[in-house]
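Chain A is the first sequence line, chain B the second, and so forth, proteins listed ahead of strands; every chain is numbered from 1.
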Amino acid sequence: MRVEGRDTKIASDLLAHYDVHARRLPWRAPPGANAADPYRVWLSEVMLQQTTVAAVGPYFAKFTQRWPSVADLAASEDADLMAAWAGLGYYARARNLLACARAVVRDHGGHFPDTEDGLRALPGVGAYTAAAVAAIAFGRRAVVVDANVERVVARLFAIATPLPAARPQIREAADRITPDARAGDFAQAMMDLGATICTPRNPACGICPLRDDCAAVLTADPAAYPVKAAKKAKPHRLGHGWWIERDGHVWLVRRPDKGLLGGMRALPSSDWTAAPDATPPIDADWMMIDIPVAHVFTHFSLALTIHHTHVGSDATPPGEGEWWPVERIGDAGLPTLFARAADAVRKDKDARD
DNA sequence: TATCCGTGGGT
DNA sequence: TACCCAAGGAT
(Lines give C-alpha, C1' and ligand atoms only; values in the text may rest on other atoms or scores of the structure.)
Protein backbone atom coordinates (compact mmCIF):
# COMPACT_ATOMS: atom_id res chain seq x y z
CA MET A 1 0.00 0.00 0.00
CA ARG A 2 1.35 3.38 -1.06
CA VAL A 3 1.97 5.96 1.62
CA GLU A 4 0.10 9.10 0.72
CA GLY A 5 2.01 12.34 0.38
CA ARG A 6 0.74 15.28 2.35
CA ASP A 7 -0.69 17.04 -0.68
CA THR A 8 -2.62 13.95 -1.78
CA LYS A 9 -3.89 13.40 1.74
CA ILE A 10 -5.39 16.89 1.87
CA ALA A 11 -7.54 16.20 -1.20
CA SER A 12 -8.67 12.78 -0.03
CA ASP A 13 -9.49 14.02 3.49
CA LEU A 14 -11.42 16.95 2.11
CA LEU A 15 -13.36 14.96 -0.50
CA ALA A 16 -14.33 12.34 2.07
CA HIS A 17 -15.74 15.12 4.24
CA TYR A 18 -17.47 16.70 1.25
CA ASP A 19 -19.19 13.44 0.35
CA VAL A 20 -21.00 13.61 3.68
CA HIS A 21 -21.31 17.34 4.39
CA ALA A 22 -21.61 19.11 1.02
CA ARG A 23 -24.03 21.99 1.15
CA ARG A 24 -27.12 21.51 -0.99
CA LEU A 25 -27.23 24.55 -3.25
CA PRO A 26 -29.65 25.26 -6.12
CA TRP A 27 -26.92 25.37 -8.76
CA ARG A 28 -25.31 22.11 -7.68
CA ALA A 29 -26.29 18.81 -9.21
CA PRO A 30 -27.78 16.58 -6.51
CA PRO A 31 -25.55 13.73 -5.30
CA GLY A 32 -25.35 10.96 -7.88
CA ALA A 33 -26.88 13.07 -10.63
CA ASN A 34 -25.28 13.88 -13.96
CA ALA A 35 -22.91 16.83 -14.25
CA ALA A 36 -24.41 20.21 -13.54
CA ASP A 37 -25.81 22.32 -16.40
CA PRO A 38 -22.99 24.63 -17.64
CA TYR A 39 -25.46 27.50 -18.01
CA ARG A 40 -26.55 27.24 -14.40
CA VAL A 41 -22.97 26.82 -13.19
CA TRP A 42 -21.82 29.89 -15.14
CA LEU A 43 -24.81 31.97 -14.01
CA SER A 44 -24.27 31.06 -10.37
CA GLU A 45 -20.54 31.72 -10.54
CA VAL A 46 -21.07 35.20 -11.97
CA MET A 47 -23.72 36.00 -9.37
CA LEU A 48 -21.49 34.69 -6.60
CA GLN A 49 -18.58 36.96 -7.49
CA GLN A 50 -17.99 38.94 -4.28
CA THR A 51 -21.54 38.09 -3.24
CA THR A 52 -22.84 35.79 -0.53
CA VAL A 53 -24.77 32.57 -1.14
CA ALA A 54 -27.74 33.97 0.79
CA ALA A 55 -27.94 37.08 -1.39
CA VAL A 56 -27.68 35.10 -4.63
CA GLY A 57 -30.40 32.54 -3.81
CA PRO A 58 -33.52 34.50 -4.84
CA TYR A 59 -31.82 36.07 -7.86
CA PHE A 60 -30.69 32.67 -9.15
CA ALA A 61 -34.23 31.33 -8.79
CA LYS A 62 -35.71 34.33 -10.56
CA PHE A 63 -33.22 34.25 -13.44
CA THR A 64 -33.42 30.51 -14.10
CA GLN A 65 -37.21 30.61 -14.05
CA ARG A 66 -37.42 33.57 -16.39
CA TRP A 67 -34.49 32.55 -18.62
CA PRO A 68 -34.10 28.74 -18.45
CA SER A 69 -31.31 28.56 -21.04
CA VAL A 70 -28.44 30.69 -22.26
CA ALA A 71 -30.37 31.25 -25.50
CA ASP A 72 -33.33 32.64 -23.54
CA LEU A 73 -31.02 34.97 -21.66
CA ALA A 74 -29.28 36.08 -24.86
CA ALA A 75 -32.65 37.05 -26.33
CA SER A 76 -33.62 39.28 -23.40
CA GLU A 77 -33.79 43.06 -23.54
CA ASP A 78 -30.94 44.95 -21.90
CA ALA A 79 -33.27 47.00 -19.70
CA ASP A 80 -35.14 43.90 -18.51
CA LEU A 81 -31.94 42.16 -17.50
CA MET A 82 -30.53 45.22 -15.73
CA ALA A 83 -33.80 45.65 -13.82
CA ALA A 84 -33.78 41.97 -12.82
CA TRP A 85 -30.23 42.38 -11.50
CA ALA A 86 -31.10 45.54 -9.52
CA GLY A 87 -30.10 45.19 -5.88
CA LEU A 88 -27.42 42.55 -6.42
CA GLY A 89 -24.65 45.09 -7.04
CA TYR A 90 -21.58 45.26 -9.28
CA TYR A 91 -23.70 46.06 -12.31
CA ALA A 92 -20.87 45.53 -14.79
CA ARG A 93 -21.56 41.85 -14.12
CA ALA A 94 -25.06 42.21 -15.55
CA ARG A 95 -23.84 43.98 -18.67
CA ASN A 96 -21.15 41.33 -19.18
CA LEU A 97 -23.61 38.54 -18.43
CA LEU A 98 -25.74 39.55 -21.39
CA ALA A 99 -22.71 40.09 -23.63
CA CYS A 100 -21.44 36.64 -22.66
CA ALA A 101 -24.76 34.91 -23.32
CA ARG A 102 -24.97 36.53 -26.74
CA ALA A 103 -21.38 35.53 -27.54
CA VAL A 104 -22.11 31.91 -26.57
CA VAL A 105 -25.12 31.85 -28.89
CA ARG A 106 -23.47 33.75 -31.74
CA ASP A 107 -19.97 32.23 -31.65
CA HIS A 108 -20.44 28.83 -30.00
CA GLY A 109 -23.80 27.56 -31.19
CA GLY A 110 -25.39 28.08 -27.79
CA HIS A 111 -22.92 25.80 -26.00
CA PHE A 112 -20.37 27.06 -23.51
CA PRO A 113 -16.72 26.34 -24.39
CA ASP A 114 -15.56 23.33 -22.36
CA THR A 115 -11.99 24.47 -21.74
CA GLU A 116 -10.53 27.03 -19.38
CA ASP A 117 -9.00 29.06 -22.21
CA GLY A 118 -12.22 29.05 -24.21
CA LEU A 119 -14.23 30.20 -21.20
CA ARG A 120 -11.65 32.80 -20.22
CA ALA A 121 -12.19 34.60 -23.54
CA LEU A 122 -15.85 35.34 -22.71
CA PRO A 123 -16.98 38.71 -21.29
CA GLY A 124 -17.07 38.79 -17.50
CA VAL A 125 -15.25 35.46 -17.19
CA GLY A 126 -11.90 35.84 -15.45
CA ALA A 127 -9.35 33.36 -14.19
CA TYR A 128 -11.48 32.22 -11.28
CA THR A 129 -14.77 31.77 -13.15
CA ALA A 130 -13.13 30.04 -16.11
CA ALA A 131 -11.46 27.53 -13.81
CA ALA A 132 -14.60 27.00 -11.75
CA VAL A 133 -16.86 26.34 -14.77
CA ALA A 134 -14.26 24.12 -16.46
CA ALA A 135 -13.92 22.02 -13.31
CA ILE A 136 -17.51 21.96 -12.05
CA ALA A 137 -19.45 21.78 -15.32
CA PHE A 138 -16.96 19.95 -17.55
CA GLY A 139 -14.92 17.83 -15.17
CA ARG A 140 -11.62 19.40 -16.19
CA ARG A 141 -8.71 19.57 -13.82
CA ALA A 142 -8.45 23.28 -13.12
CA VAL A 143 -6.92 25.21 -10.23
CA VAL A 144 -9.77 27.19 -8.72
CA VAL A 145 -8.62 30.03 -6.48
CA ASP A 146 -11.11 32.34 -4.83
CA ALA A 147 -10.95 34.15 -1.49
CA ASN A 148 -11.96 30.96 0.35
CA VAL A 149 -9.20 28.93 -1.27
CA GLU A 150 -6.70 31.70 -0.57
CA ARG A 151 -7.60 31.64 3.09
CA VAL A 152 -7.64 27.84 3.43
CA VAL A 153 -4.35 27.40 1.58
CA ALA A 154 -2.64 30.25 3.46
CA ARG A 155 -3.57 28.46 6.69
CA LEU A 156 -2.76 24.93 5.54
CA PHE A 157 0.78 26.03 4.71
CA ALA A 158 1.06 28.94 7.19
CA ILE A 159 2.01 31.33 4.40
CA ALA A 160 3.23 34.49 6.11
CA THR A 161 3.67 36.67 3.03
CA PRO A 162 0.95 39.36 3.03
CA LEU A 163 -1.69 39.51 0.31
CA PRO A 164 -1.68 40.39 -2.50
CA ALA A 165 2.04 39.57 -2.82
CA ALA A 166 1.34 36.02 -1.62
CA ARG A 167 -0.93 35.19 -4.58
CA PRO A 168 1.66 33.37 -6.73
CA GLN A 169 2.76 31.30 -3.73
CA ILE A 170 -0.84 30.48 -2.80
CA ARG A 171 -1.69 29.52 -6.35
CA GLU A 172 1.31 27.21 -6.54
CA ALA A 173 0.24 25.47 -3.34
CA ALA A 174 -3.37 25.23 -4.55
CA ASP A 175 -2.10 23.61 -7.76
CA ARG A 176 -0.17 21.03 -5.74
CA ILE A 177 -3.16 19.94 -3.68
CA THR A 178 -5.70 19.92 -6.55
CA PRO A 179 -6.43 16.31 -7.56
CA ASP A 180 -6.61 15.09 -11.16
CA ALA A 181 -10.00 13.51 -10.54
CA ARG A 182 -12.98 15.38 -9.07
CA ALA A 183 -11.35 18.80 -9.37
CA GLY A 184 -14.80 20.38 -9.42
CA ASP A 185 -15.87 18.68 -6.23
CA PHE A 186 -12.52 19.58 -4.70
CA ALA A 187 -13.02 23.26 -5.55
CA GLN A 188 -16.52 23.30 -4.11
CA ALA A 189 -15.32 21.44 -1.05
CA MET A 190 -12.63 24.05 -0.46
CA MET A 191 -15.23 26.80 -0.75
CA ASP A 192 -17.64 25.00 1.57
CA LEU A 193 -14.82 24.60 4.08
CA GLY A 194 -13.94 28.28 3.85
CA ALA A 195 -17.56 29.34 4.23
CA THR A 196 -18.50 27.10 7.14
CA ILE A 197 -15.38 25.97 9.08
CA CYS A 198 -12.24 27.76 7.96
CA THR A 199 -13.97 31.13 8.32
CA PRO A 200 -12.20 34.50 8.35
CA ARG A 201 -12.82 34.95 12.08
CA ASN A 202 -13.21 32.31 14.77
CA PRO A 203 -12.48 29.31 12.56
CA ALA A 204 -13.87 26.01 13.88
CA CYS A 205 -10.55 24.18 13.87
CA GLY A 206 -11.89 21.61 16.33
CA ILE A 207 -14.20 20.09 13.72
CA CYS A 208 -12.05 20.71 10.64
CA PRO A 209 -11.42 17.66 8.42
CA LEU A 210 -8.00 19.12 7.53
CA ARG A 211 -6.91 19.75 11.10
CA ASP A 212 -4.16 17.12 10.90
CA ASP A 213 -2.93 18.61 7.61
CA CYS A 214 -2.84 22.23 8.76
CA ALA A 215 0.24 24.24 9.71
CA ALA A 216 -1.67 27.24 11.04
CA VAL A 217 -3.59 25.24 13.65
CA LEU A 218 -0.24 24.64 15.36
CA THR A 219 0.28 28.39 15.78
CA ALA A 220 -1.10 30.67 18.48
CA ASP A 221 -3.58 32.30 16.09
CA PRO A 222 -4.67 30.35 13.00
CA ALA A 223 -7.05 33.15 12.05
CA ALA A 224 -4.06 35.45 11.53
CA TYR A 225 -3.67 33.82 8.10
CA PRO A 226 -3.80 35.06 5.43
CA VAL A 227 -1.84 38.16 6.36
CA LYS A 228 -3.28 41.22 4.66
CA ALA A 229 -1.94 44.67 3.90
CA ALA A 230 -3.59 47.56 5.73
CA LYS A 231 -6.43 49.17 3.81
CA LYS A 232 -7.11 52.80 3.10
CA ALA A 233 -9.74 54.83 4.91
CA LYS A 234 -13.06 55.34 3.11
CA PRO A 235 -13.90 58.97 2.26
CA HIS A 236 -17.33 60.38 3.09
CA ARG A 237 -19.18 62.14 0.31
CA LEU A 238 -22.34 64.22 0.08
CA GLY A 239 -24.90 64.57 -2.68
CA HIS A 240 -28.41 65.77 -3.57
CA GLY A 241 -31.15 63.75 -5.26
CA TRP A 242 -34.27 65.14 -6.91
CA TRP A 243 -37.73 63.55 -6.94
CA ILE A 244 -39.83 65.30 -9.57
CA GLU A 245 -43.46 64.12 -9.63
CA ARG A 246 -46.01 64.93 -12.32
CA ASP A 247 -49.47 63.34 -12.59
CA GLY A 248 -48.50 60.35 -10.47
CA HIS A 249 -45.23 59.78 -12.32
CA VAL A 250 -41.65 60.41 -11.21
CA TRP A 251 -38.81 61.49 -13.48
CA LEU A 252 -36.12 58.82 -13.84
CA VAL A 253 -32.86 59.02 -15.73
CA ARG A 254 -30.47 56.32 -16.93
CA ARG A 255 -26.92 56.48 -15.67
CA PRO A 256 -24.01 56.27 -18.13
CA ASP A 257 -22.94 52.72 -19.01
CA LYS A 258 -19.52 53.12 -17.47
CA GLY A 259 -18.84 53.97 -13.87
CA LEU A 260 -20.78 53.71 -10.65
CA LEU A 261 -24.25 52.14 -11.02
CA GLY A 262 -23.57 52.13 -14.75
CA GLY A 263 -26.59 51.60 -16.99
CA MET A 264 -29.05 51.65 -14.12
CA ARG A 265 -32.20 53.74 -13.73
CA ALA A 266 -31.80 56.49 -11.12
CA LEU A 267 -33.13 59.75 -9.75
CA PRO A 268 -31.46 62.87 -11.11
CA SER A 269 -28.72 63.79 -8.68
CA SER A 270 -25.86 66.19 -8.15
CA ASP A 271 -22.24 65.19 -8.25
CA TRP A 272 -21.14 63.29 -5.14
CA THR A 273 -18.28 65.12 -3.51
CA ALA A 274 -17.26 66.75 -0.23
CA ALA A 275 -19.20 69.89 -1.24
CA PRO A 276 -21.66 69.10 -4.04
CA ASP A 277 -23.53 71.64 -6.14
CA ALA A 278 -27.09 71.77 -4.74
CA THR A 279 -28.72 73.54 -7.68
CA PRO A 280 -31.99 71.75 -8.53
CA PRO A 281 -32.49 70.53 -12.11
CA ILE A 282 -35.67 72.64 -12.50
CA ASP A 283 -37.24 75.64 -10.80
CA ALA A 284 -39.99 74.43 -8.49
CA ASP A 285 -41.30 74.56 -4.94
CA TRP A 286 -38.89 72.01 -3.40
CA MET A 287 -39.26 70.23 -0.08
CA MET A 288 -36.16 68.81 1.55
CA ILE A 289 -36.15 65.61 3.60
CA ASP A 290 -34.24 66.32 6.80
CA ILE A 291 -32.47 62.99 7.12
CA PRO A 292 -30.27 62.08 4.15
CA VAL A 293 -30.21 58.57 2.71
CA ALA A 294 -26.99 56.95 3.93
CA HIS A 295 -25.32 54.38 1.72
CA VAL A 296 -21.91 52.72 1.71
CA PHE A 297 -20.23 51.83 -1.54
CA THR A 298 -17.02 49.86 -1.95
CA HIS A 299 -14.69 52.83 -1.77
CA PHE A 300 -16.71 55.68 -0.25
CA SER A 301 -19.80 56.34 1.84
CA LEU A 302 -22.54 58.71 0.73
CA ALA A 303 -25.16 60.84 2.42
CA LEU A 304 -27.73 61.76 -0.24
CA THR A 305 -30.10 64.60 0.64
CA ILE A 306 -33.44 64.10 -1.06
CA HIS A 307 -35.60 66.94 -2.38
CA HIS A 308 -39.08 66.42 -3.77
CA THR A 309 -41.63 68.47 -5.64
CA HIS A 310 -44.85 68.28 -7.66
CA VAL A 311 -45.03 70.03 -11.02
CA GLY A 312 -47.96 70.78 -13.30
CA SER A 313 -49.09 68.61 -16.21
CA ASP A 314 -47.51 71.04 -18.66
CA ALA A 315 -44.10 71.11 -16.93
CA THR A 316 -41.03 70.31 -19.03
CA PRO A 317 -38.69 67.70 -17.57
CA PRO A 318 -34.93 68.26 -17.53
CA GLY A 319 -32.95 66.50 -20.26
CA GLU A 320 -33.23 62.79 -21.13
CA GLY A 321 -35.29 60.43 -19.04
CA GLU A 322 -38.71 58.89 -18.56
CA TRP A 323 -41.81 59.44 -16.44
CA TRP A 324 -42.28 56.33 -14.30
CA PRO A 325 -45.57 55.51 -12.48
CA VAL A 326 -44.99 56.12 -8.78
CA GLU A 327 -47.14 53.18 -7.71
CA ARG A 328 -44.90 50.86 -9.79
CA ILE A 329 -41.59 52.31 -8.58
CA GLY A 330 -40.70 48.88 -7.20
CA ASP A 331 -40.56 47.55 -10.76
CA ALA A 332 -38.20 50.24 -12.06
CA GLY A 333 -35.11 48.25 -11.14
CA LEU A 334 -33.57 51.00 -9.04
CA PRO A 335 -30.27 50.18 -7.34
CA THR A 336 -30.47 50.14 -3.57
CA LEU A 337 -29.43 53.75 -3.02
CA PHE A 338 -32.31 55.10 -5.10
CA ALA A 339 -34.78 52.48 -3.89
CA ARG A 340 -34.09 53.83 -0.38
CA ALA A 341 -34.52 57.38 -1.63
CA ALA A 342 -37.93 56.43 -3.04
CA ASP A 343 -38.85 54.94 0.34
CA ALA A 344 -37.78 58.13 2.08
CA VAL A 345 -39.99 60.23 -0.22
CA ARG A 346 -42.98 57.99 0.37
CA LYS A 347 -42.55 58.14 4.14
CA ASP A 348 -42.04 61.90 4.07
CA LYS A 349 -45.25 62.40 2.09
CA ASP A 350 -47.14 60.07 4.46
CA ALA A 351 -45.85 62.03 7.44
CA ARG A 352 -47.03 65.31 5.92
CA ASP A 353 -50.59 63.98 5.45
C1' DT B 1 0.00 46.42 -9.66
C1' DA B 2 -3.70 49.47 -7.99
C1' DT B 3 -8.09 51.19 -8.40
C1' DC B 4 -12.84 51.04 -9.35
C1' DC B 5 -17.09 48.71 -8.83
C1' DG B 6 -22.61 47.29 -4.57
C1' DT B 7 -24.69 45.26 -1.15
C1' DG B 8 -26.01 42.96 3.08
C1' DG B 9 -24.77 40.24 7.05
C1' DG B 10 -21.71 39.30 10.89
C1' DT B 11 -19.12 40.88 14.92
C1' DT C 1 -20.67 52.09 15.77
C1' DA C 2 -17.49 51.00 12.59
C1' DC C 3 -15.32 47.66 10.37
C1' DC C 4 -14.75 43.29 7.94
C1' DC C 5 -15.86 40.36 4.36
C1' DA C 6 -17.91 37.84 0.22
C1' DA C 7 -17.61 31.73 -5.35
C1' DG C 8 -13.73 38.68 -8.91
C1' DG C 9 -13.29 41.22 -13.42
C1' DA C 10 -11.93 45.10 -16.14
C1' DT C 11 -8.82 48.56 -16.91
Side-chain angles (χ1 to χ4, degrees), chain A residues 23 25-28 36 40-60 82 85-97 99-100 119-137 142-152 162-168 174 184 186-196 198-203 223 226 228-236 255-264 266 272 293-302 333-340:
Chain A
R23 289 182 293 173
L25 300 172
W27 43 86
R28 280 185 185 168
R40 294 167 64 89
V41 174
W42 161 76
L43 178 61
S44 70
E45 290 299 343
V46 173
M47 287 184 165
L48 286 162
Q49 289 166 8
Q50 296 290 288
T51 308
T52 58
V53 166
V56 165
Y59 284 87
F60 183 80
M82 297 305 288
W85 194 277
L88 198 54
Y90 284 138
Y91 298 98
R93 292 185 296 173
R95 299 193 296 274
N96 285 328
L97 191 80
C100 180
L119 290 159
R120 181 68 183 79
L122 294 167
V125 177
Y128 162 77
T129 302
V133 174
I136 297 168
V143 182
V144 180
V145 182
D146 76 327
N148 288 300
V149 175
E150 281 186 352
R151 184 172 59 256
V152 172
L163 289 173
R167 295 242 154 85
F186 177 76
Q188 295 180 89
M190 289 285 278
M191 295 189 276
D192 275 15
L193 189 75
T196 62
C198 195
T199 50
R201 282 172 288 189
N202 305 318
K228 296 193 176 179
K231 42 190 59 154
K232 295 184 359 183
K234 233 174 238 202
H236 300 280
R255 295 178 61 84
D257 275 326
K258 300 207 171 191
L260 193 71
L261 308 177
M264 301 300 288
W272 302 344
V293 174
H295 194 67
V296 182
F297 293 101
T298 306
H299 54 294
F300 67 94
S301 61
L302 175 68
L334 293 175
T336 298
L337 167 68
F338 294 109
R340 287 187 188 155

How close or far is atom P of B:dG6 from atom CG of A:L337, stated in whole angstroms? 11 Å
What residues form a salt bridge (Lys or Arg N to Asp or Glu O under 4.0 Å) with A:D146, not counting sequence neighbours? none
Over all strands shown, is A:K231 touching base, sugar-phosphate only, or nothing at heavy-atom distances under 4.0 angstrom? sugar-phosphate
Integer-rounded Å distance: B:dC4 P and A:L261 CG: 15 Å
Should A:V144 and A:F186 count as side-chain neighbours, where that means a heavy-atom distance under 4.5 Å? no
Base, sugar-phosphate or nothing for A:L25? Non-hydrogen atoms, less than 4.0 Å. base
Side chain to side chain donor-acceptor pair (under 3.5 Å) filter on A:R93, not counting sequence neighbours, yields A:T51
Phosphate-side-chain proximity, A:Y90 and B:dC4, N/O vs OP1/OP2 below 4.0 Å: no
Applying salt bridge (Lys or Arg N to Asp or Glu O under 4.0 Å) to A:R255 and not counting sequence neighbours gives none
Result for 5'-nearest mapping on DNA chain C, choosing between A:Q188 and A:P123, is A:Q188
Considering only atom C1', compute the distance from B:dG6 to C:dC4 and round it to an integer number of Å. 15 Å
Just the endpoints, please: which first and last nucleotides of DNA chain C, 5' to 3', lie under 4.0 Å from a heavy atom of chain A? C:dC4 to C:dA10
Holding to side-chain contact (heavy atoms from CB on, under 4.5 Å), I want the full list of residues that pass it with A:T199, two or more places apart in sequence or in another chain. A:P203
Are A:H295 and A:F297 close enough that their ring centres sit under 6.0 Å apart? yes
Using only side-chain N and O atoms of A:H299, determine if any of them is under 4.0 Å from OP1 or OP2 of B:dC5. yes
Contact list for DNA chain C against residues 127-134 of chain A - heavy-atom distance below 4.0 Å: A:A127, A:Y128, A:T129
Between C1' of B:dG6 and CZ of A:F338, the distance in whole Å: 13 Å
Review item, side-chain donor-acceptor pairs of residues 123-135 of chain A, under 3.5 Å, at least two apart:
unit_1 : atom_1 : unit_2 : atom_2 : d
A:Y128 : OH     : A:E45  : OE1    : 2.6
A:T129 : OG1    : A:Q49  : NE2    : 3.0

Residues in side-chain contact (heavy atoms from CB on, under 4.5 Å) with A:S301, at least two apart? A:H236, A:V296
So what does A:W42 touch, heavy atoms closer than 4.0 Å: a base, only the sugar-phosphate, or nothing? nothing
Between A:K232 and A:F297, the residue closer to the 5' end of DNA chain B by nearest nucleotide is A:K232
Between C1' on B:dA2 and CZ on A:R167, what's the gap in Å once rounded to a whole number? 12 Å
Could you tell me whether the side chain of A:W85 reaches within less than 4.5 Å of the side chain of A:M47, counting heavy atoms only? yes
Short heteroatom pairs, N/O only, protein and nucleotides 8-11 of chain B, under 3.5 Å:
unit_1 : atom_1 : unit_2 : atom_2 : d
B:dG8  : OP2    : A:R340 : NH2    : 3.2

Sequence neighbours excluded, the answer for side-chain contact (heavy atoms from CB on, under 4.5 Å) partners of A:R40 is A:D37, A:F60, A:T64
Tell me which of A:P200 and A:G126 sits closer to the 5' end of DNA chain C, going by the nucleotide each one is nearest to. A:P200
Rounding to a whole Å, what distance do you find between A:K234:NZ and B:dC5:C1'? 11 Å
Across the strands shown, which category fits A:L88 at heavy-atom distances under 4.0 angstrom: base, sugar-phosphate, nothing? base
With a 4.0 Å cut-off on heavy atoms, is A:R95 in touch with a base, just the backbone sugar-phosphate, or nothing at all? nothing
For B:dA2 and C:dA7, measure between their P atoms and round to the nearest Å. 23 Å
Under the side-chain contact (heavy atoms from CB on, under 4.5 Å) test, residues paired with A:K228 that sit two or more places apart: A:L163, A:P226
Only counting residues at least two apart or in another chain, list the ones meeting salt bridge (Lys or Arg N to Asp or Glu O under 4.0 Å) with A:R340. none
